[in-house]
Structure formats: C-alpha cells, structure tokens
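Residue numbers start from 1 in every chain, and the chains themselves are labelled A, B, ... in the order their sequence lines are given, proteins ahead of strands.
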Amino acid sequence: MRIATWNINSVRARADRAVAWLERSGTDVLALQETKCTDAQFPHAVFEAAGYEVAHAGLNQWNGVAIVSRVGLEDVQVGFPEQPEFGADTPVVEARAIGATCGGVRVWSLYVPHGRSPQDPHYAYKLRWLAALREAAQGWAQADGAQVALVGDWNVIPYDTDVWDVTAFEGGTHVTQPERDAFFAFADAGYTEVTRVHLPQEGKYTYWDYQQLCFPKNKGLRIDFAYTSPALTARVTGASIDRDERKGKGASDHVPVVVDLEG
DNA sequence: ATGTCACTATGGTAGTGA
C-alpha cells in the first residue's frame, strides 16, 4: 500500500493535477493540506471519477485538510481531542486535522499552524497545538498493533540541514528549540519519522517558496513528514519525495511525500 | 524586478496568509 501527504495549496486550483499525480504514482491514500475551501466547494467529483473516496474538513478559504482513498475510508474524525482553538474575538477549532481508517491504517492529515513569528500569538498556538496532538497521538499508539500514520505539513525544520541556509531563519519560526522539541516529542510517544529513516540525505526538501526564484535556486525546506506508530513502522518499506511535482506552471509550493508499506 | 500565488471582497484593486 502506498500512502502520501501533500500540501496542495488550494485543491480547487489543482484538483486535476492531484488526480493525475494519484494515478501516475499509484497512490492509494493521499492526505491533503491547505485545501483552502469549504466542504461544499471541494471538487469531490473529480476524485470520485478516478475511483477515490474523499473526507474533507474546511471552514473557509484558510487551512482545510482532506483524506483521499481508494482502499476504504471509515470512521472519519474531524479534529483531535483537546485540539486548541485560535482567534482573537471568537476562537475556533480550525480545519487542521482529519483522521480516517484506510485499508486498516489510521491516517491523520495534519496542517500544523505556521506560527508567523516567535512573538506572535500564533506561535504559542502552534506549540499548544503540537503538544495537544502529541497527547492524543500517544493514546492512539497505546493499543497493541495499532497502525497510525501522522502525516502532513508540520511547519517545523527539525535539523539545520533541512534548510538551504539556516541563518535565513534566525529570529524566525520553524527552527526554534521549542518547535523542534515539540516535533521530536512524537518520537518519545513511540512514533518514528519514517521519511528520515529512508531518506537520510541532506537537502531533501519538500517545499520551495514561490518568491525569489527559490525552486530554481534550490532554496528549500524539509517540513512535510510522516510519523508512524510501532506496528506501522514495521511495515514501512520505503519513502520518497516527488521533487518533479514542483516543476512547471501551476505547481503547489510543496511536493508529495510518499510512504510505502508492505502488504 | 520585493523576479509569488491563491483566496476574498470589491468593483477593475487592496488586503491577508503563507
């Protein structure tokens, strides 16, 4: 079975591209982030025509997460227990997490808050969000044989070598110790970040900003990851990053990150 | 050349988020 995660940066702008990629790559389950639409606006028919079921959570033009599967899609859950709210006047639980069981694997599509700047309330929200997710995820992995995949855009640069020049992020988000601690805490909860296991090389970026010709200059970030519970980690046979998907007109600023499972 | 893109609301351009 092949699972992938992809921050699509508007599913309406790229539904055809996503389906073409699904078919070309032979992906069974795809977790999407930044769909940037409401459930009513989601292009369900495009995916269903290709033989995929869809579960989506989207409140407005911001955020939005989905799971697309051709191996079943059961027990859909929008948001995780104690997922923090954000908003100055009327706080809401944003559309940043959706879970479903696909082919026996509990898949979570996650869009971790950006943080904006270490001084911004969004940064504290990001840390709260990651801590709450870790609490929930620890519970999910408890059951013997539980096969859980936490995949998505983590908005954290775990190592200095996951960015073309870490000094460009001095004073910014993504590289602070609290963010990195929050990211690595999932390993303490029993999860393994399996893309690192299979792609340990430096410079394996998953995102290149649209601005400043970042992609041609290969000024990228590695911020899209897949944490798997012990029983699922044992099934992982490989991982890949489809860098070519960043090429050409109409690309997302992120590329798909793929995890292969035996069976 | 601030070498971008997608969204909304508006009204033909400005604001927001990344």
**Message:** Checking A/Tyr123 against A/Glu179 for the side chain to side chain contact (heavy atoms under 4.5 Å, CB included) test, could you report, in this order, the C-alpha distance in whole Å, the side-chain angles of both residues, the deciding distance, and whether it holds?
**Reply:** CA-CA 9 Å; A/Tyr123 175 83; A/Glu179 287 168 285; 3.5 Å; yes
**Steps toward side chain to side chain contact (heavy atoms under 4.5 Å, CB included) verdict (A/Tyr227, A/Arg134)** = CA-CA 11 Å; A/Tyr227 268 112; A/Arg134 181 197 177 280; over 6 Å; no
**Request:** Apply side chain to side chain contact (heavy atoms under 4.5 Å, CB included) to the pair A/Ile223 and A/Asp153, showing each step before the final yes or no.
**Result:** CA-CA 6 Å; A/Ile223 54 176; A/Asp153 176 357; 3.8 Å; yes
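Comparing the same atom, C1', in B/dT2 and in B/dA18 gives a spacing of 15 Å after rounding to whole Å. Comparing the C1' positions of B/dG15 and B/dG11 gives an interatomic distance of 15 Å, to the nearest angstrom. Remark: the separation of the P atoms in B/dT10 and B/dT16 is 14 Å, to the nearest Å. For the P atoms, the distance linking B/dG3 with B/dC7 amounts to 23 Å, nearest Å.
Computed from coordinates, the A/Lys217 NZ to B/dT2 P distance equals 13 Å when rounded to whole Å. Distance A/Glu34 CD to B/dG17 C1': 8 Å, rounded to the nearest Å. For the pair A/Phe215 CZ and B/dG3 P, the computed distance is 19 Å after rounding to whole Å. Following rounding to the nearest Å, A/Lys219 (NZ) and B/dT2 (C1') show an atom-to-atom distance of 13 Å. Rounded to whole Å, atom C1' of B/dC5 lies 17 Å from atom CH2 of A/Trp208.
Of the candidates A/Tyr191, A/Trp154, A/Tyr159, A/Phe184 forms a ring pair (Phe, Tyr, Trp, His ring centres under 6.0 Å) with just one, namely A/Tyr159. Of the residues listed (A/Ile98, A/Val78, A/Thr35), the one engaging A/Val65 in a side chain to side chain contact (heavy atoms under 4.5 Å, CB included) is A/Ile98, and it is the only one. When each of A/His174, A/Gln33, A/His114, A/Lys126 is checked for a side-chain hydrogen bond (donor to acceptor under 3.5 Å, both in side chains) with A/Asn155, only A/His174 meets the rule.
At least one side-chain nitrogen or oxygen of A/Arg116 sits closer than 4.0 Å to the OP1 or OP2 atom of B/dA18. Contact between the side-chain N/O atoms of A/Arg14 and the OP1/OP2 oxygens of B/dC5 is not found at any separation under 4.0 Å. Checking the phosphate oxygens (OP1, OP2) of B/dC5, no side-chain nitrogen or oxygen of A/Arg12 falls inside 4.0 Å.
Residue A/Ile8 is found in a hydrophobic cluster whose other members, listed by chain and number, are A/Trp6, A/Val11, A/Val19, A/Trp21, A/Leu22, A/Leu30, A/Leu32, A/Phe42, A/Val46, A/Phe47, A/Tyr52, A/Val54, A/Val68, A/Val258; membership requires side-chain heavy atoms under 4.5 Å apart, directly or through intermediates.
Sequence order on DNA chain B of the closest nucleotides to A/Tyr210 and A/His254 puts A/Tyr210 first from the 5' end. Along DNA chain B, the nucleotide closest to A/Asp209 and the one closest to A/Asn155 are compared, and the more 5′ of them pairs with A/Asp209.
Nearest to the side-chain atoms of A/Gln41 among the listed nucleotides B/dA18, B/dT2, B/dT8 stands B/dT8. Candidate nucleotides B/dA6, B/dA18, B/dT8 were compared by shortest atom distance to the side chain of A/Gln211, and B/dA18 ranks first. Here B/dT2 is the nucleotide among B/dC7, B/dT2, B/dA18 with the atom lying nearest to any side-chain atom of A/Gln212.
When atom types are taken as modelled, the side chain of A/Asp39 and the backbone of A/Gly58 share a donor-acceptor pair closer than 3.5 angstrom.
Listed in residue order, the members of residues 54-68 of chain A having a heavy atom less than 4.0 Å from DNA chain B are A/Gln61, A/Trp62. Taken residue by residue, residues 168-178 of chain A places no heavy atom nearer than 4.0 Å to DNA chain B.
Taking a cutoff of 4.0 Å between a charged side-chain nitrogen and a carboxylate oxygen, A/Asp209 and A/Lys217 do not qualify as a salt bridge.
Within 4.0 Å of A/Gln33, counting heavy atoms only, lies no atom of the nucleic acid at all. If you check every strand for non-hydrogen atoms under 4.0 Å, A/Tyr207 touches nothing.
Nearest heavy-atom pair across A/Phe186 and A/Leu130 is CZ-O, 3.6 Å.
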